[in-house]
Asks: 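Quick one: this structure, given as structure tokens, is what I'll be asking you about.
Convention: sequence-line order gives letters A, B, ...; per-chain numbering from 1. Note: hydrogens, waters and symmetry copies are ignored here, and every other heavy atom, side chains too, is used.
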There are 2 protein chains.
Amino acid sequence: MGGVVREARSVTAKVLAMLEAFTPATPELTLSELARRADISLPTAHRRAAELVDWGALERGADGRYRVGLRLWEVASLAPRGLGLRDVAMPFLEDLYEVTHENVQLAVREGLELVFVERIAGRHAVPVLTRVGGRFALHATGVGLVLLAHAPAEVQEQALATPLHAYTAKTITDPDRLREVLAAVRRNGYSVSDGQVTLDALSVAAPIRDPRQDVIAAVSLVVRADTAAPITLAPLVQAAARGISRTLAPRPAG
Amino acid sequence: MGGVVREARSVTAKVLAMLEAFTPATPELTLSELARRADISLPTAHRRAAELVDWGALERGADGRYRVGLRLWEVASLAPRGLGLRDVAMPFLEDLYEVTHENVQLAVREGLELVFVERIAGRHAVPVLTRVGGRFALHATGVGLVLLAHAPAEVQEQALATPLHAYTAKTITDPDRLREVLAAVRRNGYSVSDGQVTLDALSVAAPIRDPRQDVIAAVSLVVRADTAAPITLAPLVQAAARGISRTLAPRPAG
DNA sequence: TTTGTCGATTCCGTTCACCGGAACGCCCCG
DNA sequence: CGGGGCGTTCCGGTGAACGGAATCGACAAA
């Protein structure tokens with residue numbers, strides 16, 4: 001028994017680790033890669049993967065590689081914070097896009113990061129780094145500032161305690177400065193992120209509230225940094241956000 | 001040992017059965033409901049659910065109910081046939097929406113059914129039954145006819161062998177008639193479904209092809225049945241489909 | 001207040017599903 | 001012909017997972 005003892009993990013944990021192995025950069029993996037990334041022995045990975053393919057959570061390409069299956073996406077679409085929100089928001093995002101023809105984004109907070117739930121991008125809008133389903137830090141983007149500004153106190157403390165990554169020279173990395181900005185966001189009812197993610201882009205975001213007035217998401221508009229004064233965009237974004245907030249069904253708990 | 005022997009299932013199968021328990025109609029479940037639907041004992045369901053919540057595949061609401069978590073949606077977004085396609089198609093779908101202000105849909109085939117990958121609906125468009133992430137039969141909708149017309153022969157045979165459900169009086173339920181329609185779809189390069197899902201709606205769809213010219217998806221436009229002649233919409237939908245096909249990167253296998 | 005119901009959670013002893021090492025077949029490359 | 005990477009199957013040992021039972025809390029009816 002001279003081998004390294006692999007720390008025991010539950011089957012469930014292993015299956016989830018296998019799903020986690022897929023990333024935007026590597027959406028297709030061989031069985032060996034999959035096993036390595038999930039830190040699972042090859043035979044085990046083979047067995048679990050077979051079950052996942054059988055169900056449809058994974059698919060196998062013609063070359064034998066594994067990728068995430070459409071079936072998983074179907075179930076995942078039931079996530080209330082994903083599609084439930086998206087369905088309500090879509091018409092308003094459409095309007096916003098039609099008026100501006102710029103990138104329109106919808107995001108929610110997940111822990112100390114944000115997740116993009118929807119994004120409308122025309123062919124003429126500024127290219128942005130973000131992807132639907134992608135994560136991002138809270139302190140840099142427009143949506144992030146809104147979500148952080150209205151997050152529970154403990155979340156804000158944790159976020160401010162973590163080193164703030166500087167994406168550009170303009171990114172706010174000083175906690176005290178960020179505190180001031182967040183206060184301004186709460187006062188103004190919208191946020192502006194000017195060159196804090198990429199120097200050539202600027203975003204304006206506004207909060208979406210549930211019927212209890214809690215902020216559950218944020219909409220933003222991303223434009224070229226020299227296109228327009230943020231102040232002229234804010235009313236548009238706020239109008240969309242209010243429209244979505246108003247439409248959110250009270251959905252009685254029963 | 002007088003109890004009913006529950007057929008043995010793997011842990012993985014149980015976990016997947018739990019995910020499967022969630023439906024559009026019931027996106028939130030109590031632990032007991034979850035256990036019942038997945039046919040799992042309560043203690044086991046409790047243990048698995050705890051792990052899933054821990055990872056983020058499930059979330060617990062304030063009332064203790066379980067729902068699908070955003071984290072699962074994140075990984076599922078990596079499904080190439082889901083978001084990969086969506087990202088490429090979105091700008092074209094936007095254009096189509098902007099010109100028509102009608103429902104725009106994007107769907108792929110999954111077995112003998114289709115799955116809606118994206119849908120743009122303004123506030124003024126006809127209400128439709130379909131949901132993003134939802135499934136539908138292939139023989140009724142516009143996208144379905146396109147996907148079926150270009151599906152492998154064995155898929156077509158299976159689909160034609162299955163009883164064709166009549167959503168309305170106009171739904172094609174005769175296999176021979178359907179065969180003719182599919183041939184016409186292949187000839188014309190687009191499909192028309194007039195009142196075959198709901199009597200008040202009409203849809204026109206066109207095929208999206210990968211670089212090898214295989215049909216991998218379909219776009220459609222859904223309008224009120226009395227709005228316009230299908231023939232005038234076809235060129236618009238086909239143009240969008242061709243644009244998407246052209247943009248699909250050959251994505252070298254490396 | 002008492003009683004009953006339903007859901008969630010924890011405990012415990014049993015057991016079989018899952019495990020990793022090893023061996024094998026396959027393909028590609030040197 | 002030998003080496004290496006990948007996928008697949010086989011096998012015997014073991015501990016993760018199992019269900020029954022008990023406990024607890026919330027709520028409604030009596």
Asks: What distance do B:Arg123 atom CZ and A:Thr247 atom OG1 have between them, rounded to the nearest 0.5 Å?
Replies: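 OG1 of A:Thr247 is found 7.5 Å from CZ of B:Arg123.
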Asks: Look at A:Arg36 together with A:Glu33 and state whether they make a salt bridge at an N to O cut-off of under 4.0 Å.
Replies: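 No, this pair does not count.
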Asks: Between B:His150 (side chain) and B:Val185 (backbone), is there a donor-acceptor pair under 3.5 Å?
Replies: no
Asks: Can you check the B:Glu51 CD to D:dC18 C1' distance for me, whole Å?
Replies: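 In whole Å, D:dC18 C1' and B:Glu51 CD are 14 Å from each other.
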Asks: Do the side chains of B:Arg135 and B:Glu110 get close enough for a salt bridge, i.e. N-O under 4.0 angstrom?
Replies: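 Salt bridge: yes.
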Asks: Provide, to the nearest angstrom, the distance between the CG atom belonging to A:Leu34 and the C1' atom belonging to D:dT8.
Replies: 15 Å
Asks: Specify the separation, in whole Å, of atom CD1 of B:Ile40 and atom P of D:dG19.
Replies: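 It works out to 8 Å between those atoms.
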Asks: Compute the bend angle of the helix from C:dT1-D:dA30 to C:dC28-D:dG3 from the end axes (five pairs per end), rounded to 10°.
Replies: 40°
Asks: Testing the basics here: between B:Leu19 and A:Val75, what is the closest heavy-atom pair and its distance to 0.1 Å?
Replies: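 Shortest heavy-atom separation between B:Leu19 and A:Val75 comes out as O-CG1, 3.2 Å.
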Asks: Between B:Glu74 and A:Arg131 (salt bridge meaning N to carboxylate O under 4.0 Å), is one present in this structure?
Replies: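 Looking at B:Glu74 and A:Arg131, the cut-off is not met.
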Asks: Considering only NZ, NE, NH1 and NH2 on the basic side and carboxylate oxygens on the acidic side, decide whether A:Arg9 and B:Glu51 come within less than 4.0 Å.
Replies: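 Looking at A:Arg9 and B:Glu51, the cut-off is not met.
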Asks: I need the CG-C1' distance between A:Asp63 and D:dC6, as an integer number of Å.
Replies: 13 Å
Asks: Taking all non-hydrogen atoms of both residues into account, name the closest pair between B:Leu148 and B:Gln156 and its distance.
Replies: O-NE2, 3.2 Å
Asks: Under 4.0 Å between a side-chain N or O of A:Lys14 and OP1 or OP2 of C:dC19?
Replies: yes
Asks: When every nucleotide of nucleotides 7-12 of chain C is labelled 5' to 3' by its protein contacts under 4.0 Å (heavy atoms), B for base, S for sugar-phosphate only, - for none, what sequence of letters results?
Replies: SBBB--
